[in-house]
Each structure stands twice: as C-alpha cells, then as structure tokens.
There are 2 protein chains.
Amino acid sequence: MASLPVLNQPPRRSGALLDNLARRMRLHAESVLEPLGLRPRHLVALTVLRDRDGSTQQALASTLMMDRATVVGLLNDLEADALIERRRSPEDRRRHIVQLTDRGARRLAKAEFALAAVEDEVLSALDTGQRATLYELLLLAASGTAQECGPAAIASDSPC
Amino acid sequence: MASLPVLNQPPRRSGALLDNLARRMRLHAESVLEPLGLRPRHLVALTVLRDRDGSTQQALASTLMMDRATVVGLLNDLEADALIERRRSPEDRRRHIVQLTDRGARRLAKAEFALAAVEDEVLSALDTGQRATLYELLLLAASGTAQECGPAAIASDSPC
DNA sequence: TATTGTTATACTCTATAACTATA
DNA sequence: TATAGTTATAGAGTATAACAATA
C-alpha cells in the first residue's frame, strides 16, 4: 500500500504567511504614501469606501474589523484633508453617512499608481499571471465573506 | 477601434486587501491561540524557525522585517516557555543561534491544527483548490524574495 | 432600552537610540 | 571601527468603557 506522506506533514496554515507578507507590503508602502499624507490604514479605508459608496461608520467598522471608536479617529484624519465627507442620515439621525469625495478618489488613484513599484518589489517572486491570481483570490476572500463581526463579537462566539 | 477599458480603471493594488485579510485572520486567530499561550507574532516566528533551523537573531529579524530589538522580546517569550533555545555561536561569540525545540515544534503543530477552523471561517469564500493556490502563492511570495531588509534599510533606499 | 457616534484612557506592538560584548 | 544582542524609552495603533444624541 502506498504511503500517505501528506498525513505526516504538519497542517501548514496561510495565516502566518499572510501576516508576514502584509507586514512587508505595509512597511514598503509607508514611505511611498508619506508624501501623499496617507498611512496604510487610510488606504484600506479609502479602498473600501470606493467600492461601497455611502457607508455608515458602523458598517465601515465591521468591514474593516475595527472598533467604531477607532474608525472615528481614522475618518477624522481623512475628513481634515477633505478626502471623505460625513453627513447625517435623514432616515436615522444617529447615523453618519460617509462618502468618498472627488478629491479622495483622486488621491486614492494617485496612491495606487505610486504603489505599483512597491508591489513589484514585494511580489518580485511572482510573475504577472500569479499576481493577478493572488489579487483575485484576495478580493474574493475579503469581499466574499462580508464578515459583519467586530473583535468583541468574535471573542464572545456570537453568531453575527 | 476597440476601447481599452482597462486603462480607464484605477490600478487596484493587493496591498489593502492583504492588510484587511491579514487583520481578519489575526483577530480570529488570537482567541484560538490564547489557550496555547501564543500570540500571532509568536506563530509567525515559530513558522520561520521551523523552515530555517538554526538562525541568528539578526537573520530572523530580517526575515520577519522587524527590528533586532523587537525580536529580542519575542524570543524571550518563546524561550520562557521553552519553545526555542538560544546558544552562543562557537564561530562568532557575539551571535545567538536560535533553534526550535521539540516542545516548540509540537506546540506549533498543535496551533496549526487548531487554526484550521479559523482558516475555514476567514477563507470561507474560497474552495479547497483556491485555498491551496493562495497558500502556494503566499509561500512563493514570502520565501522567494528573501528580502534581507529591515525598516531602516527600506526608508534609506539602501540596496540591502 | 438599544444604537450611533464620540471622547478619554490604557494596553500592545514596534522602532529608535544608547549600552555591552565581541570581532 | 563595526557588528550582535540587549535595555530603556517613545510613538503609533488599537480596544475598552463611559457619555451624548437619537431611535
């Protein structure tokens, strides 16, 4: 009978690799984003807001898997630079509707253009096709799940 | 003449997606790793040490893209739990050779086994084949480049 | 009473710089 | 003089809890 070598290997997970690669990308990106007055977490937020025009802060926090309070500070930065706008929801005046401004969209496009060099360097071991595949898988994984769970919900095993 | 729609799209980058997905994975992983006395960054270090048996702290810092000083604290945690060992290099007594202990290897395997559920949840939008592809691409990207650059080196544009 | 956004505070992770020892 | 590891300190990023406005 043939051996089953796969069973003898530890079950290697993507988590640690994902952590490591994200860190490399973030460190390289920081210096590129600095002249644009942005930090990596700002870019993540802007990217989400582009795809989802008009989000409440709460919904944004869920998508980013950050606390509401953390998002407040993040949006303050972006609003101070007029990259996003907050307006009260007419239906529910407790809510703020957050929207990317034209200026914000332009800044984001500029940042993504500048980040091409960073991606080239960090993903230098991947060819063009592999990079495209990676992007598609990341997009599918990130948007497909749509986990509306914050850290607290995860820890408490709530269904969310 | 046919239009070139691709040119009209902003050049979307993987960086933000990578950040977001890594964050989701990390948040979920934390609660699973807690009973094992580990944190996500410990797992990243253990994973590297398994593949590269006998590394100096400096080399480990380069791979993890962390400062040497940060690695010291990280290894202190792991050594206190006897998951890694430090011994002086005979050739150069300034160096510490870091090695995964048997106990450390067992703990890592245990953690990776426990993290299967986390990966199932965070990558629920991906089927088995897609997850395997993602793992392979991440592994290739992370190990292929072998960027021996720390944050300082990146910022200063040194060749490293 | 529950929810949205906000503020104030504390904690974790990390980088920077100064120190020791070896080279 | 340069390098490996360590220590001490400061900064960024985040979560938690308490608060105000609204539902």
Side-chain angles (χ1 to χ4, degrees), chain A residues 19-20 22-24 26-27 29-31 33-34 38-45 55-62 64-79 84-98 148-156 160, chain B residues 19-20 22-24 26-27 29-31 33-34 38-45 54-62 64-80 84-98 148-156 160:
Chain A
D19 240 34
N20 194 300
R23 160 180 279 270
R24 293 186 188 191
R26 191 165 1 98
L27 284 170
E30 269 168 4
S31 51
L33 293 176
E34 195 186 14
L38 294 173
R39 293 195 162 275
R41 68 180 181 295
H42 295 138
L43 205 76
V44 178
S55 168
T56 64
Q57 297 188 192
Q58 177 74 309
L60 186 59
S62 292
L64 297 178
M65 292 201 90
M66 286 180 177
D67 194 88
R68 299 176 311 208
T70 308
V71 171
V72 171
L74 210 168
L75 292 179
N76 286 348
D77 296 341
L78 296 174
E79 194 176 38
I84 61 111
E85 272 178 356
R86 281 191 260 223
R87 57 178 179 80
R88 286 278 167 201
S89 166
E91 294 94 21
D92 186 340
R93 287 188 50 72
R94 290 173 301 184
R95 292 178 172 166
H96 271 160
I97 307 294
V98 183
E148 299 298 330
C149 300
I154 293 167
S156 65
C160 39
Chain B
D19 240 34
N20 194 301
R23 160 179 278 272
R24 293 186 188 191
R26 192 165 0 97
L27 283 171
E30 268 169 5
S31 51
L33 293 176
E34 196 185 13
L38 294 174
R39 293 195 161 276
R41 68 183 168 327
H42 295 138
L43 205 76
V44 179
S55 168
T56 63
Q57 298 187 190
Q58 177 73 316
L60 186 59
S62 292
L64 296 177
M65 293 203 89
M66 286 180 175
D67 194 89
R68 298 175 311 204
T70 307
V71 171
V72 171
L74 210 167
L75 292 179
N76 287 347
D77 296 341
L78 296 174
E79 193 176 39
I84 61 109
E85 273 178 356
R86 281 192 259 223
R87 58 181 178 77
R88 286 279 167 200
S89 165
E91 294 93 21
D92 186 340
R93 288 187 48 73
R94 291 172 302 184
R95 293 179 172 166
H96 272 161
I97 306 296
V98 183
E148 300 298 330
C149 301
I154 293 168
S156 65
C160 39

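- Atom-to-atom, CG of A/D77 to P of C/dT6 comes out at 13 Å; the value is rounded to the nearest Å.
- Across B/P90 and B/R93, no two heavy atoms sit closer than the pair O-CG, 4.5 Å.
- Note: CG (B/L74) to C1' (C/dT12) measures 13 Å, nearest angstrom.
- No hydrogens or angles were tested; on distance alone, a donor-acceptor pair under 3.5 Å links the side chain of B/R94 to the base of D/dT3.
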Are B/Q58 and B/T56 close enough, and set up right, to give a side-chain hydrogen bond (donor to acceptor under 3.5 Å, both in side chains), and what steps lead you there? CA-CA 5 Å; B/Q58 177 73 316; B/T56 63; over 6 Å; no
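- Atom OG1 in B/T70 sits 11.5 Å away from atom CG in B/L60 (nearest 0.5 Å).
- In the set C/dT6, D/dT6, D/dA12, D/dT6 carries the atom at the smallest distance from any side-chain atom of B/Q57.
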What pairs of nitrogen or oxygen atoms, one from the protein and one from nucleotides 8-11 of chain C, lie under 3.5 Å apart?
none

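- Picking from D/dG5, C/dG5, C/dA15 the nucleotide with the shortest atom distance to the side chain of B/T56 gives D/dG5.
- Taking atom CZ of A/R23 as the reference point, atom C1' of C/dT14 lies 7 Å away to the nearest angstrom.
- In this structure, the CG atom of B/L78 is 16 Å from the C1' atom of D/dG5, given to the nearest Å.
- The two residues B/M65 and A/R23 come nearest to each other via the heavy atoms O-NH1, 2.9 Å.
- Judged by distance alone, the side chain of B/R88 and the main-chain N or O of B/H96 form no donor-acceptor pair under 3.5 Å.
- One interatomic measurement links the two molecules: CG of A/D67 to P of C/dT4, which rounds to 13 Å at whole-angstrom precision.
- For the pair A/V71 and A/D67, the minimum side-chain heavy-atom distance is 4.5 Å or more.
- Of the side-chain N and O atoms in A/R26, none sit less than 4.0 angstrom from OP1 or OP2 of D/dG13.
- Annotation: side chain of A/L74 is in contact with side chain of A/H42 (closest heavy-atom distance under 4.5 Å).
- Here the C1' atom of nucleotide D/dT6 and the CG atom of B/N76 are 9 Å apart, to the nearest Å.
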Could you check A/R41 against B/N20 for side-chain hydrogen bond (donor to acceptor under 3.5 Å, both in side chains), going step by step and ending with a plain yes or no? CA-CA 9 Å; A/R41 68 180 181 295; B/N20 194 301; over 6 Å; no
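- Between B/P40 and A/R68, the residue anchored closer to the 5' end of DNA chain C is A/R68, taking for each the nucleotide with the nearest heavy atom.
- For B/E30, there are no side chain to side chain donor-acceptor pair (under 3.5 Å) partners, not counting sequence neighbours.
- Along DNA chain D, the nucleotide nearest to A/T70 and the one nearest to A/R93 differ in position, and the one closer to the 5' end is contacted by A/T70.
- Here the side chain of B/M66 is nearest to one of D/dT14, C/dT14, D/dT7, namely C/dT14.
- Here D/dA4 presents its C1' atom at 13 Å from CG of B/L60, a figure rounded to the nearest Å.
- The separation between A/R95 atom CZ and D/dA23 atom P is 11 Å, rounded to whole Å.
- Dashed line: the shortest gap from a side-chain N or O of A/R41 to OP1 or OP2 of D/dG13 is under 4.0 Å.
- Less than 4.0 Å separates DNA chain C from at least one heavy atom of each of the following residues of residues 84-92 of chain A: A/R86.
- Shown are B/R26, B/R24, B/R39; of these, the salt bridge (charged side-chain N to carboxylate O under 4.0 Å, His left out) with A/D19 is made only by B/R26.
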